[in-house]
Amino acid sequence: MRILVTGGAGFIGSALVRHLIADTTHEVLNFDKLTYAGTLSTVEEVARSNRYRFVRGDICDAQAVRGAIAEFRPEIITHLAAESHVDRSIDGPGAFIQTNLVGTYTMLAEARSYWRTLEGAAKEAFRFHHISTDEVYGSLGETGLFTEDTPYDPRSPYSASKAGSDHLVSAWGHTFGLPVLITNCSNNYGPYHFPEKLIPLMIAKALDGEPLPVYGKGDQVRDWLFVEDHVRALRRVFEQGQPGRTYNVGGNNEKQNIEVVRTICAILDRLRPRGNGASYAEQITSVADRPGHDKRYAIDASRIRDELGWVPAETFETGIEKTVRWYLDNEDWWRPLVAARAADRRGIEQ
Ligand code: NAD
């Protein structure tokens with residue numbers, strides 16, 4: 001199949017592109033604006049494949065989107081391009097409204113125009129798959145899980161913009177009959193994660209002997225999913241999912257942020273000891289909490305398991321070990337990004 005991936009230079013999009021080129025026979029067009037969050041070094045290992053193409057473009061630019069679709073003639077559009085960092089959405093929500101809402105509208109409008117020109121089996125097979133987050137559901141108390149029927153209750157400008165984009169996708173399905181799919185996934189981690197997000201940030205700071213800043217008491221709970229498990233779920237959904245349906249994707253790995261940071265420190269203590277018997281955990285410090293910080297997210301992923309047979313291959317323990325090892329082995333990928341970002345110091349994504 002020909003698969004157009006928006007945001008294929010970002011963290012999850014690039015994992016999807018690498019998977020599709022390395023493990024399938026699908027063709028891929030990566031459409032990405034290359035914002036601060038996207039770099040082609042994430043897809044370098046597959047870029048020479050004759051099944052891979054890249055177009056630099058903005059999803060808000062209807063003409064650019066139309067041109068890419070007309071030329072590539074995708075059978076599937078997987079839409080991942082977004083502004084994705086909660087802290088940045090608090091500092092400057094405008095870009096989130098533009099890319100996540102106007103950009104998703106533009107993708108839908110252009111996908112629909114193209115889909116209407118298709119006939120027979122090609123029209124039948126076409127899918128528009130929107131990749132979204134569990135943050136649209138709001139925050140949980142001590143118990144309970146997000147299901148696909150949980151009412152939307154977004155709390156940050158980021159999650160509100162993603163909730164809005166989900167509603168647009170769903171409306172294009174209901175109103176215009178566009179064959180849409182939506183997945184809402186929990187927090188991802190793994191290789192090529194940008195070093196301003198919690199896990200890579202902590203690894204980088206630990207290695208540099210800097211304080212490890214944890215919001216408040218670090219008792220916020222997230223349900224962590226290894227990124228390669230997420231992209232296997234995405235493929236299962238766009239290949240076999242039922243149009244019009246939403247699927248929650250999660251790893252069944254609820255952890256408090258402080259536990260995540262302590263686990264990283266323990267792995268580093270083993271793999272790259274600081275010497276003189278000191279532990280990286282001594283670098284942990286508490287910083288003022290994020291405004292409106294959601295307390296707990298947790299996913300019920302039984303629909304995608306029961307209907308499509310997807311289950312994650314990694315536990316948190318195996319995934320975090322792979323991730324820490326990857327960051328130790330790939331300092332030349334993340335060090336230049338850390339240096340570039342030091343200029344505009346950011347908080348932490350949790
Ligand atoms: P990311 O920030 O790492 O990557 C986003 C990519 O989109 C970048 O390559 C960027 O250059 C590109 N982009 C941004 N604005 C664009 C525009 N206007 N036009 C074209 N390209 C543009 O994000 P990610 O973590 O890979 O997330 C991908 C998607 O998955 C997002 O839609 C996000 O909401 C969703 N998601 C992320 C997580 C997570 O834990 N990271 C969890 C659930 C869902």
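Note that the numbering runs from 1 along the sequence shown for the chain. The structure presented is a predicted model; accordingly, all values stated were derived computationally and were not measured. Both ligands and their constituent atoms are indexed starting at 1 by order of listing.
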For Arg51 and His26, does a side-chain donor sit closer than 3.5 Å to a side-chain acceptor? no
Spell out, as yes or no, whether a donor-acceptor pair under 3.5 Å connects the side chain of Thr78 to the backbone of Leu4. yes
Arg112 side, atom CZ; Thr117 side, atom OG1 - distance, nearest 0.5 Å: 12.0 Å
Flag for Thr104-His79: side-chain donor and acceptor within less than 3.5 Å: yes
Suppose we call two aromatic rings close when their centres sit under 6.0 Å apart. Are Phe176 and Trp115 close by that rule? no
Identity and separation of the nearest protein heavy atom to atom 3 (O) of ligand 1: Phe11 N, 3.0 Å
Is the closest N or O pair between Asp32 and ligand 1 shorter than 3.5 Å? yes
Sub-4.0 Å heavy-atom approach of Gly103 to ligand 1: no
of all protein heavy atoms, closest to atom 5 (C) of ligand 1 is Ala82 O, 3.5 Å
Atom pair OG/CZ of Ser139 and Arg296 - distance to nearest 0.5 Å: 9.0 Å
Which ligand 1 atoms are under 4.0 Å away from a heavy-atom of Lys33? 16 (C), 17 (C), 18 (N), 19 (N), 20 (C), 21 (N), 22 (C)
Does an N or O anywhere in Ser84 fall below 3.5 Å from an N or O of ligand 1? yes
Ring of Tyr36, cation from Arg88 - is the NZ or CZ under 6.0 Å from the centre and inside 45° of the axis? yes
Nearest neighbour in protein (non-hydrogen) for atom 42 (C) of ligand 1: Ser186 O, 3.3 Å
Arg48 atom CZ: more than 12 heavy-atom contacts under 6.0 Å: no
Below 3.5 angstrom, do we get any N/O pair linking Ile12 and ligand 1? yes
Which residue holds the protein heavy atom closest to atom 40 (O) of ligand 1, what is that atom called, and what is the gap in Å? Asn188 N, 2.9 Å
Give the contacting part of Thr99 toward ligand 1: side chain, backbone, both or neither, where contact means a heavy-atom distance below 4.0 Å. side chain
Checking Arg127 against Phe238: charged group under 6.0 Å from the ring centre and within 45 degrees of the axis? no
Angle class for the His293/Tyr215 ring planes (parallel below 30°, perpendicular above 60°, tilted otherwise)? perpendicular
Atom 43 (C) of ligand 1: nearest protein contact (heavy atom, Å): Cys185 O, 3.3 Å
When you check the side-chain N and O atoms of Tyr327 and Asn330, is any donor under 3.5 Å from an acceptor? no
Looking at ligand 1, does any of its N/O atoms fall within less than 3.5 Å of an N/O of Asp58? yes
Protein heavy atom at shortest distance from atom 31 (C) of ligand 1: Leu80 O, 3.3 Å
Shortest non-hydrogen contact from Thr99 to Ile59? O-CD1, 3.5 Å
Close approach, Leu34 and ligand 1, non-hydrogen under 4.0 angstrom: yes
Surrounding CZ of Arg335 (heavy atoms of other residues, nucleotides or ligands, distance under 6.0 Å), is the total greater than 12? yes
Purely on distance, is any nitrogen or oxygen of Cys60 under 3.5 Å from one on ligand 1? no
If you measure every N or O of His193 against every N or O of ligand 1, does any of those distances drop under 3.5 Å? no
Looking only at protein heavy atoms, identify the closest one to atom 44 (C) of ligand 1 and say how far it is in Å. Ser132 O, 3.0 Å
Within ligand 1, which atoms have a heavy atom of Gly57 less than 4.0 Å away? 19 (N), 20 (C)
Parallel, tilted or perpendicular: which describes the rings of Trp172 and Tyr105, with under 30° parallel and over 60° perpendicular? perpendicular
Atom indices of ligand 1 within 4.0 angstrom of Lys162 heavy atoms, with elements: 31 (C), 32 (O), 33 (C), 34 (O)
Under 3.5 Å, N or O to N or O, is Ile59 touching ligand 1 that way? yes
Write out the residue and atom name of the closest protein heavy atom to atom 4 (O) of ligand 1, then the distance separating them to 0.1 Å. Gly10 CA, 3.4 Å
Between Asn187 and ligand 1, is there a nitrogen or oxygen pair with a distance under 3.5 Å? no
Does ligand 1 have any atom sitting under 4.0 Å from a heavy atom of Tyr158? yes
Within ligand 1, which atoms have a heavy atom of Gly38 less than 4.0 Å away? 8 (C), 9 (O), 11 (O)
